[in-house]
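Note that the structure is a prediction, hence the values are computed from the model and not measured. Numbers restart at 1 for each chain; the letters A, B, ... are given by sequence-line order, proteins then strands.
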Amino acid sequence: MPELPEVETTCRGISPHIIGACVERVEIRNSKLRWPIPKTIVTLLPGMSATSVLRRGKYILIQFDFGWLIIHLGMSGSLRLVHKSVAPDKHDHFDIYFDTGNALRYKDPRRFGSILWTTDAPANHKLLKNLGPEPLSNDFSRDYLHAISRKKIQTIKTFIMDGRNVVGVGNIYANEALFDSGIRPGVGAGKLSLRRCEKLTTSIKHILQKAIKKGGTSLRDFVNSDGNPGYFQQELYVYGREGLPCKLCNKPLRSKFINQRSSFYCNSCQR
DNA sequence: TTAATCACCTGAGGGC
DNA sequence: TGCCCTCAGGTGATTA
């Protein structure tokens, strides 16, 4: 389940292999994703070179000579670099073949992801223009979180998972960051004190940085650009551990549904 | 305007 | 072994 660390891991993995490489051919095997893959890129991209690979939230932005590919991995997507001779699997939707002999291959069994093309700056794209700050940037601070959460009646977990408030925090890392900061997921966002906002922003940054170092979390689908899993799941304190003892106080962890998402917490360590 | 809910999709896992 | 059902989850669209 790709969240920010998985997307960052993917960007770092593909970047050195495709920057400067020229597109020879594009193949769309199955255009059905959240939105259809634009067929125009089959004729547009060949002859262009990739010039940069960036990340904005959970979006991967690949810059070419005359436009950008905006890629979202959805729930089950992955981008891998393979040799062009490697045969595609069942759910490999899309390939970009480069003159280096490599192909950038997009796989997404559940088809919640998306591949879009824009010639405008990605920041102006409707999917990106309303996104909140990057959690690892200085813009995401105690004061910012405290200011935007005033009078909000949503739970804090729903609030930090909303990309308009801060990008890249999905269910796994929201659960882990809230545990790390000692805040129950069901607490109202508007009720957090400045001190607790500071703890939470610190925890979100800490958890995400740790996950990036470990190559992300592989629960079911995620593999990095080499086709290998991430290892952060071995560091999870609460996610998916309902009924198991808390690693800090040994009491059984609980779970509840918040906004249609499984939430895991320790009734003793989190208040 | 805000918050909640729905819909999309397929593989994994459990029960029978 | 095979069938059926439930669950998982990110996010745009829709509804309240």
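Surrounding CG of A:Asn138 are at most 12 heavy atoms belonging to other residues, nucleotides or ligands under 6.0 Å away. Counting heavy atoms of neighbouring residues, nucleotides and ligands inside a 6.0 Å radius, atom CZ of A:Arg164 does not exceed 12 of them.
The interatomic distance linking A:Leu116 (CG) with C:dG12 (C1') rounds to 12 Å, in whole Å. Straight-line distance from the CD atom of A:Gln154 to the P atom of C:dA16: 19 Å, rounded to whole Å. A:Arg34 places its CZ atom 11 Å from the P atom of C:dG10, with the value rounded to the nearest Å. Taking atom CG on A:Leu4 and atom C1' on C:dG10, their separation rounds to 14 Å, with Å as the unit. With rounding to whole Å, A:Arg56 atom CZ is found 12 Å from C:dT11 atom P. Atom pair A:His125:NE2 and C:dT11:P shows a separation of 15 Å (rounding to whole Å applied). In this structure, CG of A:Asn259 is placed 12 Å from C1' of C:dG10, rounded to the nearest angstrom. For the pair A:Lys157 NZ and B:dA3 P, the computed distance is 16 Å after rounding to whole Å.
Place A:Gln260 and A:Lys32 on DNA chain B by their nearest nucleotides, and A:Gln260 ends up nearer the 5' end. Summary of the strand contacts: A:Phe112 and A:Lys126 both lie near DNA chain C, and taking for each the nucleotide with the nearest heavy atom, the more 5' one is attributed to A:Phe112.
Side-chain contact between A:Thr119 and A:Trp117 is present, with at least one heavy-atom pair separated by less than 4.5 Å.
A:Asp108 comes within 4.0 angstrom of no nucleic acid atom, judged by non-hydrogen atoms across all strands. Among the atoms of the strands shown, only primed sugar atoms or phosphate atoms (P, OP1, OP2) are found under 4.0 Å from some heavy atom of A:Ser262. If you check every strand for non-hydrogen atoms under 4.0 Å, A:Phe257 touches sugar and phosphate atoms only.
Note on A:Glu134 versus A:Arg56: salt bridge recorded, some NZ/NE/NH1/NH2 to OD/OE distance being below 4.0 Å. At a threshold of 4.0 Å, the pair A:Asp95-A:Arg25 does not count as salt-bridged, since none of the basic side-chain nitrogens sits closer than that to a carboxylate oxygen. Ion pairing between A:Asp92 and A:Arg29 fails under the 4.0 Å rule for side-chain N and carboxylate O.
With C:dG10, C:dA8, C:dG12 as the choices, the nucleotide that has an atom nearest any side-chain atom of A:Arg110 turns out to be C:dA8.
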I'd like a table of donor-acceptor pairs (distance under 3.5 Å, sequence neighbours excluded) in which one partner is a side-chain atom from residues 32-49 of chain A, with atom names and distances.
from	atom 1	to	atom 2	distance (Å)
A:Thr43	OG1	A:Thr40	O	3.0

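Listed in residue order, the members of residues 143-153 of chain A having a heavy atom less than 4.0 Å from DNA chain C come to none.
Taking 4.0 angstrom as the limit, A:His72 places none of its side-chain polar atoms (N or O) nearer than this to OP1 or OP2 of C:dG10. Between B:dG11 and A:His91, a contact under 4.0 Å exists linking OP1 or OP2 to a side-chain N or O.
For a distance-only test at 3.5 Å, the side chain of A:Arg261 qualifies as a donor-acceptor partner of the base of C:dG10.
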